[in-house]
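Labels below follow one simple rule: chain letters A, B, ... track the order of the sequence lines, proteins then strands, and each chain is numbered from 1.
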2 protein chains.
Amino acid sequence: MGRSYQQYCPIAHALDIVGERWSLLVVRELMRGPQRYSDLHERLPGCGTNVLAARLKRLEEAGVVHRHRLPPPAASMVYELTEYGEGLRRVVHELARWGIRSLGPPAPDEALHPGWLIEALGAITELQSDTPDTRVEFRVGAEVGSFSAGVVSQGAADEPDAIVSTDPPGFYHLFVNGDFEQVEITGDRDAVGRLVSAAALGPPLALHV
Amino acid sequence: MGRSYQQYCPIAHALDIVGERWSLLVVRELMRGPQRYSDLHERLPGCGTNVLAARLKRLEEAGVVHRHRLPPPAASMVYELTEYGEGLRRVVHELARWGIRSLGPPAPDEALHPGWLIEALGAITELQSDTPDTRVEFRVGAEVGSFSAGVVSQGAADEPDAIVSTDPPGFYHLFVNGDFEQVEITGDRDAVGRLVSAAALGPPLALHV
DNA sequence: CGGAATCCTCTTCGATACTG
DNA sequence: CAGTATCGAAGAGGATTCCG
């Protein structure tokens with residue numbers, strides 16, 4: 001176990017559990033669903049095997065992660081978030097919403113992992129219940145996801161108000177800069193506008209060091 | 001600078017900025033307002049002077065913190081959050097909301113820092129706009145704070161629907177366990193109930209290691 | 001006195017190699 | 001596949017010293 005901050009404070013306590021290096025990225029991976037040790041290791045380049053093992057053990061002790069063996073024949077070990085661990089989804093989404101403002105757009109040829117769009121939509125629209133009747137479908141590169149009545153789902157939308165087609169940089173500029181120049185919209189442009197406004201990510205930062 | 005995760009991901013990027021040990025606790029302190037170096041050092045026991053200096057430098061580079069000199073005669077240096085740094089408030093509050101579930105109540109004689117109540121109310125009621133007309137005043141130990149129309153403020157409330165008097169453990173049990181046994185309420189008990197429900201912290205965890 | 005830079009020890013990280 | 005063992009490099013923590 002890492003060293004505790006030794007303060008009676010919910011924030012310090014939370015960081016005692018998930019504040020060590022790699023911990024929240026392990027959680028990020030498990031938010032995609034149960035994963036095996038080697039899946040995690042593969043998706044976290046730079047994380048030593050011993051460090052990953054230590055983090056998983058710590059997270060399990062703290063009730064964030066549950067480790068269990070799959071039923072035979074595929075009798076391998078998988079890790080998954082507990083109900084308490086699922087509670088970190090909001091934390092991670094808020095962190096993503098904050099981080100995106102100083103991240104900058106992806107390079108046009110940046111390799112994004114499959115499923116990124118659905119997670120991005122989830123984080124962007126986290127907590128937004130003020131776009132109740134808006135339905136928008138996003139087609140970004142090879143990914144398709146949609147936002148409908150406050151819920152994000154993979155794949156095409158049913159009778160969307162609008163369809164947004166773009167590439168990852170265009171998607172970034174749409175939500176971070178409110179820039180509609182790099183997206184192609186068919187249908188109700190205002191529906192997209194409402195979604196972007198509701199996301200309320202805040203202005204981007206000039207490049208930092 | 002610490003070592004980067006080297007991933008194009010808003011979460012990894014955010015953690016590159018504030019994921020190092022002590023960084024988010026520095027931010028927590030600055031959320032109380034501008035602070036001098038020695039104030040921060042005093043409030044972060046266990047944090048070495050070199051580590052604190054390094055974190056502040058990193059946070060300044062990243063546009064999270066702004067450092068400036070107070071006008072004479074008190075020509076000392078103060079650190080404060082930038083607009084971008086203020087954006088971490090939601091992250092920190094979500095972390096607190098998550099952490100509180102496994103923290104357990106404070107010891108009856110636990111020394112809490114002045115001003116804790118107002119921060120606790122802020123985190124607990126973060127994002128809760130579904131209690132528009134509720135006004136509750138809290139008197140917890142030496143601290144007084146109030147919640148009124150979605151806004152938290154220090155001191156007594158103007159014509160509150162209810163006044164809650166208790167000690168810190170009672171305050172904890174009220175919001176985390178929904179336990180009204182350890183609080184004394186004058187006025188509209190349901191107003192307090194609505195606030196507790198809206199907080200929606202989730203169930204507490206059994207003691208973890 | 002406030003705000004660090006330096007020095008030194010100890011722990012943790014990250015990479016590789018190895019084992020049930 | 002799922003880790004443990006090992007080891008050099010980097011970072012944390014504590015005390016002291018230096019600077020304005």
* **Test of ring centre spacing under 6.0 Å for B:W116 and A:Y8** =>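 For B:W116 and A:Y8, the ring centres are not under 6.0 Å apart.
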
* Find out whether A:Q35 and A:Y79 are in side-chain contact, i.e. whether some heavy atom of one side chain is under 4.5 Å from a heavy atom of the other. =>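 In short, these two side chains do not touch, never coming nearer than 4.5 Å.
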
* Are side-chain heavy atoms of A:W98 and B:V18 found at a separation under 4.5 Å? ->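 Heavy-atom side-chain distance check passes, below 4.5 Å.
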
* Any donor-acceptor N or O pair under 3.5 Å, side chains B:H41, B:T49 ->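 There is no such pair (donor and acceptor under 3.5 Å, judged by atom type) between the side chains of B:H41 and B:T49.
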
* Can you see which heavy atom on B:I100 is nearest to which on B:Y172, and at what distance? =>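 Looking at all heavy atoms of both residues, the closest pair is O-OH, 3.1 Å.
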
* Would one find a side-chain N or O of A:S76 under 4.0 angstrom from OP1 or OP2 of D:dC1? ->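 A:S76 to D:dC1 OP1/OP2: no side-chain N or O under 4.0 Å.
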
* Asked: Given axes from five pairs at either end, by how many degrees does the helix from C:dC1-D:dG20 to C:dG20-D:dC1 bend, rounded to 10°?
  ->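 Comparing the axis at each end, I get an angle of 30°.
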
* To do: Please determine if A:R97 forms a cation-pi arrangement with A:F175, meaning its NZ or CZ atom is less than 6.0 Å from the six-membered ring centre and no more than 45° off the ring axis.
  =>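 So A:R97 doesn't make the cation-pi contact.
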
* Whole angstrom value for the distance that separates P of D:dG11 from CG of B:D16 ->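 It works out to 13 Å between those atoms.
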
* **Whole angstrom value for the distance that separates P of C:dG3 from NZ of B:K57** =>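 Spelled out: NZ on B:K57 to P on C:dG3 is 15 Å.
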
* Asked: In whole Å, what is the span from the CG atom of A:D39 to the C1' atom of D:dC1?
  ->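 Going from A:D39 (CG) to D:dC1 (C1'), I get 10 Å.
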
* **N/O (side chain, A:Y79) to phosphate O (OP1/OP2, D:dG3) under 4.0 Å** =>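 So the side chain of A:Y79 is within the cut-off, an N or O lying under 4.0 Å from OP1 or OP2 of D:dG3.
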
* Considering only D:dC1, C:dA4, D:dG3, which nucleotide approaches the side chain of A:R67 most closely? ->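 Taking heavy atoms from C-beta onward, the closest nucleotide is D:dG3.
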
* A:Y37 OH to D:dC1 C1', straight-line distance once rounded to whole Å ->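 Checked: the OH to C1' distance equals 10 Å.
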
* Rounded to whole angstroms, how far apart are CG on A:L52 and P on C:dA15? ->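 Rounded to the whole Å, the gap is 13 Å.
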
* To do: Let me know the distance between CG of A:L56 and C1' of D:dT4, rounded to the nearest Å.
  =>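 Checked: the CG to C1' distance equals 14 Å.
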
* Annotated protein contacts, base or backbone, on nucleotides 12-18 of chain D with a non-hydrogen cut-off under 4.0 Å, one of B, S, - each -> SBBB---

* Asked: What's the CG-P distance between B:L44 and C:dG3, to the nearest Å?
  ->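 Distance, rounded to whole Å: 14 Å.
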
* Can you check the A:H41 NE2 to C:dA17 P distance for me, whole Å? ->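 Rounded to whole Å, this separation is 13 Å.
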
* Atom OG in B:S23, atom CZ in B:R55: separation rounded to 0.5 Å? ->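 If we round to the nearest 0.5 Å, B:S23:OG and B:R55:CZ are 5.0 Å apart.
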
* NA contact type, A:R69, heavy-atom cut-off 4.0 Å: base, sugar-phosphate, or nothing? ->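 Nothing: the residue A:R69, judged by heavy atoms under 4.0 Å, touches no strand.
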
* B:S102 backbone acceptor or donor facing A:H13 side chain under 3.5 Å ->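 The answer is yes, because a donor-acceptor pair under 3.5 Å joins these two groups.
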
* **Side chains of A:H93 and A:M31 in contact at under 4.5 Å (non-hydrogen atoms)** =>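 Counting from C-beta outward, A:H93 and A:M31 do come under 4.5 Å.
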
